[in-house]
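Okay, so here's the structure we're looking at.
In what follows, chains are A, B, ... by sequence order, proteins preceding strands, each numbered from 1.
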Number of protein chains: 2
Amino acid sequence: MKKIENQQVCDFCIQQSDIFRHLTQEEFSEMSYNKSCNLYKRGDVVYHEGNRVNGIYCIGKGIVKHYKTGIDGKEQIVRFSKKGGIFGFRSILSEEVACTTTKVIEDASICFIPSEQFIYWLKHNSDFSMKMMKLSCKELGEANQYIIDIAQKSVRERLAEILLLLNDNFGTDAEGNLNISLTREEIAGLVGTATESVIRLLSEFKADNLIELDRRHIKLLNIKQLKRICDVF
Amino acid sequence: MKKIENQQVCDFCIQQSDIFRHLTQEEFSEMSYNKSCNLYKRGDVVYHEGNRVNGIYCIGKGIVKHYKTGIDGKEQIVRFSKKGGIFGFRSILSEEVACTTTKVIEDASICFIPSEQFIYWLKHNSDFSMKMMKLSCKELGEANQYIIDIAQKSVRERLAEILLLLNDNFGTDAEGNLNISLTREEIAGLVGTATESVIRLLSEFKADNLIELDRRHIKLLNIKQLKRICDVF
DNA sequence: CGGGCAGTTGACCCCGCTCAAGCGCGGTGG
DNA sequence: CCACCGCGCTTGAGCGGGGTCAACTGCCCG
């Protein structure tokens with residue numbers, strides 16, 4: 001886990017983030033002073049499930065996955081975070097240990113802000129506090145949706161939904177491929193199924209001309225039909 | 001849906017709730033002035049999924065279930081709230097419509113506090129605001145746990161877990177029965193399975209002397225063994 | 001007494017998980 | 001430069017958990 005001081009990229013992360021838009025100039029300077037910025041490579045772990053987290057993290061560049069480890073070490077991915085996103089706050093605010101492991105899946109530049117600083121802002125800047133409140137409640141709504149999806153939809157439906165969700169969250173590159181590179185196993189951990197099932201269903205989708213596959217590059221060809229597959233509700 | 005003004009029970013709900021402990025005397029009086037208290041019967045709906053919620057609710061007495069409606073109207077219960085609990089805040093804070101329906105399962109006395117009042121407190125009482133933050137993040141952690149449970153555990157394991165969870169949350173009455181009365185269908189909606197599966201597994205548990213069944217009264221006989229069943233992680 | 005709903009039980013079968021074998025590609029070392 | 005290795009990916013076979021459907025019971029209530 002290589003960590004390099006890199007203040008320049010770090011300022012970028014503040015500008016990107018909705019959460020920090022409402023800081024005053026003074027607060028902004030204080031933040032720059034107190035935070036530290038590190039570079040991470042794919043596979044690096046930011047923190048482990050069950051560990052105490054003593055600050056929040058914001059992303060200037062790259063993508064991380066948040067997952068819980070279950071039976072036989074099988075990963076269940078509950079969320080991603082990308083440029084402009086923050087994470088780690090759940091554990092601090094609920095005063096519990098981390099409920100997920102956070103691992104880098106695309107080389108990233110991530111800032112660390114000590115929890116004292118974070119808590120101080122929450123208490124003294126109500127705009128910031130309301131933004132945080134909104135964020136955590138939004139994530140709660142998404143988690144609730146996830147629960148009913150996994151409980152009631154078929155794997156096929158969930159896979160279609162996940163593909164659309166990745167499309168919305170990460171968009172596409174010049175060739176039209178999803179702007180996130182996941183192994184089949186990671187997709188399985190996201191959908192909540194076995195790796196083999198993901199492979200079979202992706203092949204089916206390809207045969208039906210819904211998607212194009214080239215190794216880890218996935219291109220959505222027929223979004224309307226994919227929506228029809230997952231919108232059973 | 002019978003609603004009766006009932007100020008006396010309502011004061012009780014404020015005293016019960018952790019969330020309101022930190023209000024000043026002045027704030028407490030203001031709250032009593034602005035809130036309204038209503039009585040609900042089993043089956044009454046407090047608000048529907050997809051509707052706008054314009055205040056938060058706190059419970060003086062009774063139990064409600066929060067559920068999402070899925071395929072064929074199948075309910076997925078995501079949470080309960082009981083005496084001292086508050087709900088409805090997620091929708092207000094995330095500025096979205098309600099993501100769940102809230103229905104009474106045990107006759108209840110529930111207060112309504114307009115969102116302007118709620119938001120005002122959040123902005124002007126940082127203790128209150130921190131409490132709310134903690135609550136929403138705690139719920140988020142529970143939702144994440146729920147996701148991996150449903151994705152990776154068997155129905156048998158989940159049912160055992162749910163029984164223990166009900167035991168922790170609602171305790172037992174004088175005869176040792178769980179202090180919450182649920183239909184088999186509701187248990188199924190909680191576990192995320194079919195009603196018939198719940199019935200079969202409950203019978204199994206009974207045959208193994210893990211529980212005692214008498215209609216909707218459930219009594220846990222061997223908590224240690226139930227824990228062993230659900231703790232596969 | 002009859003209707004309706006919750007609960008129960010049995011039969012059936014399909015989705016999706018597991019296991020096992022084979023393939024393709026990139027990296028490494030001789 | 002090629003041979004080997006290992007990991008990620010793919011495909012097939014088999015089977016079992018659990019969902020669905022249907023029939024029946026018991027109980028409450030009009």
**Shortest side-chain distance from B/V155, nucleotide among C/dT18, D/dG18, C/dT9** = D/dG18
**Prompt:** How long is the line joining NE2 of B/H217 and P of D/dC27, in whole Å?
**Reply:** 14 Å
**Item:** Base of D/dC21 paired with side chain of B/E196 (donor-acceptor, under 3.5 Å)
**Value:** yes
**Message:** If we check side-chain contact (heavy atoms from CB on, under 4.5 Å) with B/V64, which of these qualifies: B/V104, B/D44, B/V45?
**Reply:** B/V104
**Message:** In terms of relative ring orientation, are B/F170 and B/F80 parallel, tilted or perpendicular, with 30° and 60° separating the classes?
**Reply:** perpendicular
**Asked** Which is true for A/R200 with a 4.0 Å heavy-atom rule: it touches a base, it touches only sugar-phosphate, or it touches nothing?
**Response** base
**Item:** Residues A/H66 and A/T101: side-chain donor-acceptor under 3.5 angstrom
**Value:** no
**Message:** Looking at B/S197, I'd like to know whether one of its side-chain N or O atoms comes within less than 4.0 Å of OP1 or OP2 on D/dG18.
**Reply:** no
**Asked** Quick one: B/I199 CD1 to C/dC5 C1', roughly how many Å, whole number?
**Response** 13 Å
**Message:** Using the side-chain heavy atoms of A/T193, tell me which of these nucleotides is nearest: C/dC17, D/dG18, C/dC25.
**Reply:** C/dC17
**Item:** Whole-Å gap separating P (D/dG17) and NZ (B/K153)
**Value:** 18 Å
**Prompt:** When the distance from CZ of B/R184 to C1' of D/dG26 is rounded to whole Å, what number comes out?
**Reply:** 13 Å
**Complete:** Whole-Å distance, A/L182 CG to D/dC9 P, equals 10 Å
**Prompt:** So, are A/K227 and A/D231 salt-bridged, with charged N and O less than 4.0 Å apart?
**Reply:** no
**Side-chain N or O of A/R156 closer than 4.0 Å to phosphate OP1/OP2 of C/dC15** = no
**Request:** Check every strand shown and say whether B/R216 touches a base, only sugar-phosphate, or nothing at a heavy-atom separation below 4.0 Å.
**Result:** sugar-phosphate
**Asked** Which of the following nucleotides, D/dC9, C/dT18, C/dA6, is nearest to the side chain of B/T183?
**Response** C/dA6
**Asked** Nearest to the side chain of B/A194 - D/dT10, D/dT20, D/dG18?
**Response** D/dT20
**Prompt:** Checking all strands, does A/T195 fall into the base, sugar-phosphate, or nothing category for heavy-atom contacts under 4.0 angstrom?
**Reply:** nothing
**A/E186 CD - D/dC7 P separation (whole Å)** = 16 Å
**Asked** To the nearest angstrom, how far is B/R215 atom CZ from D/dC28 atom C1'?
**Response** 10 Å
**Request:** Starting at atom CZ of B/R158, determine the distance to atom C1' of D/dG18, rounded to an integer number of angstrom.
**Result:** 10 Å
**Message:** Between A/Y57 and A/F89 (judged by ring centroids, cut-off 6.0 Å), do the two rings come close enough to count as a pair?
**Reply:** no
